[in-house]
Amino acid sequence: MVVITRIDHRLLHGQVAFSWVQNIGADCILIADDDAAKDEIKKTALKLAKPQGVKLVIKSVEDSVTALVSGVTDQYKLFIVTGSVEAAKKLADGYAGIQQINLGGTVAREGTVNVAKAVYLYPEEIAALKELHDRSVEVECRILPGDRKTPFEAFAK
Amino acid sequence: MRRYLIATHGSFAEGIKSSIELIIGKQENLSTICGYLTDDFDLDAAVRPHLKAMKEGDELVVMTDVSGGSINNLFMGYINHPGVHVITGLNFPLALGLLSSDENDRVEDIIADAIVAAKDGILYCNALKEQKKEDEDF
């Protein structure tokens, strides 16, 4: 079962790897990212961030949806990490088991709005998240699990 | 109650604490001793309060910088003190492994695991891409 899906442009790194995996008790991490899935050096770096004893699977977004829908991931307490709102939306649209999306960090780009600490979103991204929010998917911003959640209602009207 | 103490020559202890806290947040049960920053530094005086504060059943897990150094030499004198555990050869994975461990796990187990992580965490990255480890799948 998917415990939480995190959007973080840095994918898996120290903070994310340790605090989140521990906090949610995950035994498996799925990195759903098209670039990482075909880049051996990126994969090696991501594998270094893997906490001991936790399985790490790296797949493209499409292959991730396929795996989730097939049921092979049901046996794990799964922590999904993806790099963008677009990828997270594809995952959530393709698989109903995604019920909570955590915005952990997206890069400031021209035209984005700073909605929470380290989170910058285009209006289209906010709209995409709103679609999920309206389908009862929880959308919130937090860098670390112990931080206070900034819920969707607080940053998007 | 399990407490942690990092004791090193110079500011290494405070430095590594600040690094760790960036990753796993403020650590209330972690103290540091930065040795020899002043001429009148008295190591024994710095250590004694931590031992005095221990109640029956408490554990103090000490990480020191290097075997053979005066900091670790002093702590060698306390390894038979009830509840005191001393590990030397401090690095980031060691500190992280210990500080993010579960207080309910046995201290000997968390120490053993952290030492594995500490040793396995030292990697020559340039050599990594040569030994292509198998990709995991579900």
Side-chain angles (χ1 to χ4, degrees), chain A residues 1-2 12-23 25 27-32 36-60 63-78 80 142-148, chain B residues 2 4 6 15-30 63 87 90-138:
Chain A
M1 69 163 264
V2 180
L12 197 70
H13 52 103
Q15 256 175 4
V16 168
F18 272 85
S19 345
W20 282 96
V21 168
Q22 238 196 358
N23 178 268
D27 55 11
C28 183
I29 303 170
L30 167 60
I31 297 183
K38 47 186 198 299
D39 184 332
E40 288 308 318
I41 300 200
K42 274 214 178 120
K43 275 196 207 172
T44 305
L46 290 166
K47 287 178 192 177
L48 288 178
K50 180 183 91 91
Q52 265 188 315
V54 178
K55 199 178 175 82
L56 172 63
V57 180
I58 303 171
K59 287 187 185 290
S60 68
D63 288 346
S64 298
V65 173
T66 307
L68 289 162
V69 168
S70 77
V72 292
T73 64
D74 292 349
Q75 57 172 309
Y76 299 104
K77 270 186 151 173
L78 192 62
I80 302 181
R142 251 185 305 173
I143 298 182
L144 292 176
D147 296 343
R148 203 152 28 106
Chain B
R2 182 179 294 160
Y4 297 92
I6 299 181
I16 203 171
K17 175 172 189 246
S18 91
S19 305
I20 297 282
E21 287 183 338
L22 270 178
I23 307 296
I24 54 175
K26 195 117 187 31
Q27 297 299 299
E28 298 303 339
N29 291 336
L30 171 61
M63 290 162 257
I87 305 127
L90 172 64
N91 69 5
F92 191 100
L94 179 77
L96 187 64
L98 287 171
L99 289 160
S100 56
S101 68
D102 192 325
E103 183 157 0
N104 296 313
D105 288 341
R106 282 180 2 132
V107 70
E108 294 84 0
D109 293 340
I110 63 155
I111 289 173
D113 288 345
I115 291 178
V116 170
K119 292 182 175 178
D120 287 354
I122 301 175
L123 301 163
Y124 181 41
C125 298
N126 298 48
L128 286 175
K129 56 184 193 273
E130 274 135 41
Q131 32 132 320
K132 257 198 217 175
K133 259 203 300 193
E134 279 273 316
D135 286 342
E136 288 190 275
D137 205 339
F138 292 116

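So you know, we letter chains A, B, ... as the sequences are listed, proteins then strands, and number each from 1.
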Close approach to chain A in residues 103-110 of chain B, criterion heavy atom under 4.5 Å: none
Report the residues that fulfil side-chain hydrogen bond (donor to acceptor under 3.5 Å, both in side chains) with A/T66, sequence neighbours left out, ordered by chain and then residue number. none
Worked verdict on B/D102 versus A/Q22 for side-chain contact (heavy atoms from CB on, under 4.5 Å): CA-CA 10 Å; B/D102 192 325; A/Q22 238 196 358; over 6 Å; no
For the residue pair B/E136 and A/L56, what are the closest heavy atoms and their distance? OE1-N, 2.9 Å
I'd like to check B/D137 versus A/K59 (side-chain heavy atoms, cut-off strictly below 4.5 Å). Are they in contact? yes
Could you give all pairs that pass the side chain to side chain donor-acceptor pair (under 3.5 Å) test and reach residues 69-78 of chain A, with sequence neighbours left out? none
With sequence neighbours excluded, residues passing side-chain hydrogen bond (donor to acceptor under 3.5 Å, both in side chains) with A/N23: none
Say you draw a straight line from CZ of A/F18 to CD1 of B/I20; how long is it, rounded to the nearest 0.5 Å? 8.5 Å
